[in-house]
Amino acid sequence: MTQRTMIEAIQNAHDVAMERDDKVVVFGEDVGFFGGVFRCTAGLQAKYGKNRCFDTPINELGIVGTAVGMAAYGIKPIVEIQFADYVYPAYDQIVSEAARIRHRSGGDFTCPLVIRMPAGGGIFGGQTHSQSPEALFTHVAGLKTVVPSNPQDAKGLLLAAIEDPDPVVILEPKRLYNGPFDGHHEKPIVPWKKHPLGEVDDGYYITEIGKAATAREGSDVTILAYGTMVYVAIAAAEEAGIDAEVIDLRSLVPLDTDAIKASVEKTGRCVIVHEATRTSGFGAELMSVVQELCFYFLEAPIIRVTGWDTPYPHAQEWDYFPGPARVIENLHKVMGA
Amino acid sequence: MGSTSKPLYLHVPEPGCRPGDKPDFSDFEMPRAGETRRPESDTSPEDMRDLAFSIVRVLNAEGKAVGPWAGTLSIEKLQLGLRHMMTLRAFDERMMMAQRQGKTSFYLQCLGEEAVACAFRQAMQPGDMHFPTYRQAGLLIAGGYPLESMMNQIYSNANDPIKGRQLPTMYSSKEFGFFTISGNLGTQFVQAVGWSMASAISGDTKIAAAWIGDGSTSESDFHAAMVFASTYQVPVILNVVNNQWAISTFQGMARGNSATFASRGHGFGIPSIRVDGNDYLAVHAVAMWAAERARLGFGPTMIEHVTYRAGGHTSSDDPSSYRAEGEGSAWPLGDPIERLKNHLISLGEWSESRHAQVTAELMDEVKHAQKSAEAVGTMTSGKSSSSRDIFEGVYETMPAHLIAQRQEAGY
């Protein structure tokens, strides 16, 4: 065990994977010499050489498009999209190509690649450095989409994604890179280096894709969350004095419906929290799943707490970000129903 | 100056002729066969910029092979090449007819462009990979892929290698170096660059060929591919098949104000060359030259194959509503099969009677394959691909939600 930030855990996952398998290559904008704007690939070029960790032209379509060709060749690309907000030029290569190559070729060709991107808000990044576009990936057949919430999972999910035979999108909550953030932006965070969840296993291990974790056990209400919202949910439950069970989904596709079902059947209530915009957001999918699987156990309507259906603002960030106050208000609402 | 400024207007390019006009290719600059020089493959890009404005042609009007690009193929290989092109034409004829008969939903033929893929394929080696568009079926035929497998795909029958999941002609064969066709235009161009990067990263000796049509060079994928190929000096051949038409969009719409498609390579420092796409010998010679450059580590080469789409875009298209009648026969570079046939006749290695005999023989071969494929099934009869296959292969291991949906669908 070593105390690591989420950035260090991700860097370490790359290192472990590159050490284990010389087919693993890592590339993206500023990823090589500099080691990434968030430092997630620091030192890899020096250690493994420019053929295995390199900078690319600023062209997300080109980054993912070449990675698709590399995966078809038989090496294992991990690409970094500098911010999730920049992924859209690559969307066709992800949706129409990476996700479908196995199916459309009858298994003749496959596309095992990993696309990492820092996502989410809480850093005063404005509309182009704060988005949470997970629903654009969860909606696509053939993709897996995961969101880690702590250093141990960030490393384990990345190592699992690298071994996965299919394309995996990893949205890394950038607000969690240095420590858990519960939405209380006025208070300092406890850095991962001093936090029990900052303890990361050394060497190789995987966190299975498709398995949720229970971040807080409780009996009154289930909160379904992922990424930064896991900590907001825990803070809200504790401040409201409501014994909420917080499920950290970790993997959105495939979704751990067994874990969701078991929790909601136990509590009979459900609040869904995500940073992304509400309409057609992943919360809509979660609400459907809960309704389909747990309807006869529900004692109150399911509630979503989400980002508003607007572009992500800059100066007004804390009125957009679904912080503890909004979650508490909705926890009371669902408990009072 | 300010007081005399005129209203601005948008320039929308138009082709030289449209239905009702007399076909006119007088603007088409066509060098004489043998005229274009052949630099050594290690020549620096800036010392061969002229190649992007000329056209490499080997076969002259008398059917003789002339100039510095001649001589890359033996008589046997030329005869084989002719048979490949004739097979593809017979295949297209039968499959167009099968589509009209309702045996499949759609077909896409290569009429008039047979030399491009058939000749190029002969310059590549086993293990190399093509990232084709839907009009390079000649790569499969010249590569020896079974006609019956192509037809099984076209019919989406129980033996369709890709299990009924794709439009007819969207073949895939890793074994034969043919990447799965997307149908979304241009996406494969940058993937070919990535495949070649992987070969270089792995210290391999294989190269890839990217393919794209004139119209799709407008797509961002084309430009991304050029940037990456240029930056990493990738061992890839970047083929632009300029068949003059993208459905009803004439090539000037994509080319814009640049002189030629090939000249687009210059801004990237990529050596770029134009070739007579209806000249089997020229395509082969240029492909060999580009492949040698890639294999020797001189990086990417862009080839503009100048040809003409003699047929409709697909079985769903009627070009008479947007192209001038007789444009195909007025096309200055002629027909690739006729030209290679005449060349072999001029060498005393072919004859009209032998041509007729081989035409019949190849048609029999195609019909035989068709009979076997139809014995399995067509889209409307016999054994079709299973609907269970909708759910298979989305992921390597079927996740729980797909198992549940498959059961819901009754499979």
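By convention in this document, chain letters (A, B, ...) are assigned in the order of the sequence lines, proteins followed by strands, and residues within each chain are numbered from 1. These figures come from a predicted structure and were not determined experimentally.
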Enquirer: Side chain, backbone, both or neither: which part of A:Leu143 has a non-hydrogen atom closer than 4.5 Å to chain B?
Expert: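 Just its backbone gets close to chain B.
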Enquirer: Can you establish whether the number of heavy atoms outside B:His401 located under 6.0 Å from its atom NE2 is more than 12?
Expert: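 It does: B:His401 NE2 has more than 12 such atoms within range.
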Enquirer: Tell me the closest heavy-atom pair linking B:Val190 and A:Gly62, and the distance in Å.
Expert: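 Shortest heavy-atom contact: CG2-CA, 4.0 Å.
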Enquirer: If I measure from the heavy atoms of chain B, does A:Asn59 come under 4.5 Å with its side chain, its backbone, both, or neither?
Expert: both
Enquirer: Taking side chain as everything from C-beta outward and backbone as N, CA, C, O, which of these in A:Asp258 sits under 4.5 Å from a heavy atom of chain B? Side chain, backbone, both or neither.
Expert: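 No part of A:Asp258 comes within 4.5 Å of chain B.
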Enquirer: Could you tell me which of B:Ala200, B:Pro161, B:Ser182, B:Ala224 has the largest number of non-hydrogen atom pairs under 4.5 Å with chain A?
Expert: B:Ser182
Enquirer: Let me know if B:Tyr232 has heavy atoms under 4.5 Å from chain A in its side chain, its backbone, both or neither.
Expert: side chain
Enquirer: Between B:Ser199, B:Ala225, B:Pro399, who has the most heavy-atom pairs with chain A when the cutoff is under 4.5 Å?
Expert: B:Ser199
Enquirer: Identify which of B:Val193, B:Thr187, B:Asn184 forms the greatest number of heavy-atom pairs closer than 4.5 Å to chain A.
Expert: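 Max contact count across the listed options: B:Thr187.
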Enquirer: Go through the atoms of A:Pro165 and report whether side chain, backbone, both or neither lie under 4.5 Å from a heavy atom of chain B.
Expert: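 Just the side chain, heavy atoms under 4.5 Å.
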Enquirer: Looking at B:Val394 and A:Gly142, what are the two nearest heavy atoms and their distance?
Expert: CG1-N, 3.5 Å
Enquirer: With no hydrogens and no angle check, is any side-chain donor or acceptor of A:His103 less than 3.5 Å from a backbone partner on B:Phe391?
Expert: no
Enquirer: Need one label for B:Leu402: side chain, backbone, both or neither, based on atoms under 4.5 Å from any heavy atom in chain A.
Expert: neither
Enquirer: Given side chains that start at C-beta, do those of B:Met170 and A:Arg104 come closer than 4.5 Å, heavy atoms only?
Expert: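 Side-chain contact under 4.5 Å: no.
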Enquirer: Check each atom of B:Asp389 against the heavy atoms of chain A and say whether the ones under 4.5 Å are side chain, backbone, both or neither.
Expert: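 Looking at B:Asp389, just its backbone touches chain A.
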Enquirer: Considering only heavy atoms, which portion of A:Val140 lies under 4.5 Å from any heavy atom of chain B: side chain, backbone, both, or neither?
Expert: backbone
Enquirer: Between A:Asp166 and B:Glu396, what is the shortest heavy-atom contact and its length?
Expert: OD2-N, 2.8 Å
Enquirer: Hey, are the side chains of A:Phe54 and B:Ile201 touching, using non-hydrogen atoms and a 4.5 Å cut-off?
Expert: yes
Enquirer: Where on A:Thr56 is there a heavy atom nearer than 4.5 Å to chain B: the side chain, the backbone, both, or neither?
Expert: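 Answer is both: backbone and side chain atoms of A:Thr56 are under 4.5 Å from chain B.
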Enquirer: Below 4.5 Å, heavy atoms only, C-beta onward: do A:Ile101 and B:Phe179 meet side chain to side chain?
Expert: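 A side-chain contact exists here, since the closest heavy-atom pair is under 4.5 Å.
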Enquirer: Assess whether atom CD1 of B:Ile403 is packed by more than 12 heavy atoms of other residues, nucleotides or ligands within 6.0 Å.
Expert: yes
Enquirer: Give the minimum heavy-atom separation between A:Thr66 and B:Phe228, together with the two atoms involved.
Expert: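 The answer is CG2-CD2, 3.7 Å.
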Enquirer: Is it true that, when you exclude B:Phe106 itself, more than 12 heavy atoms of the residues, nucleotides or ligands shown sit nearer than 6.0 Å to its CZ?
Expert: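 Atom CZ in B:Phe106 is crowded, with more than 12 foreign heavy atoms closer than 6.0 Å.
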Enquirer: With a 4.5 angstrom heavy-atom cut-off, is it the side chain or the backbone of B:Ser202 that approaches chain A, or both, or neither?
Expert: side chain
Enquirer: Do B:Met129 and A:Phe109 have side chains that get closer than 4.5 Å, going by heavy atoms?
Expert: yes
Enquirer: For A:Ala67, is it the side chain, the backbone, both, or neither that has a heavy atom closer than 4.5 Å to a heavy atom of chain B?
Expert: neither
Enquirer: Which bit of B:Phe178 comes within less than 4.5 Å of chain A, counting heavy atoms only: side chain, backbone, both or neither?
Expert: backbone
Enquirer: For chain B, find which of A:Lys144, A:Met70, A:Arg102 contributes the most heavy-atom pairs closer than 4.5 angstrom.
Expert: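 Top option by heavy-atom pairs under 4.5 Å: A:Arg102.
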Enquirer: Minimum heavy-atom separation for A:Asp108 to B:Ser173, with atom names?
Expert: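 Shortest heavy-atom separation between A:Asp108 and B:Ser173 comes out as OD2-CA, 3.1 Å.
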Enquirer: Answer yes or no: does atom NZ of A:Lys266 have more than 12 heavy-atom neighbours from other residues, nucleotides or ligands under 6.0 Å?
Expert: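 For A:Lys266, atom NZ is crowded (more than 12 foreign heavy atoms under 6.0 Å).
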Enquirer: Using heavy-atom distances under 4.5 Å, tell me whether A:Val253 contacts chain B through its side chain, its backbone, both, or neither.
Expert: side chain
Enquirer: Any side-chain heavy atom of A:Gln93 within less than 4.5 Å of one from B:Asp221?
Expert: yes
Enquirer: Using non-hydrogen atoms only, which part of A:Lys50 is less than 4.5 Å away from chain B: side chain, backbone, both, or neither?
Expert: neither
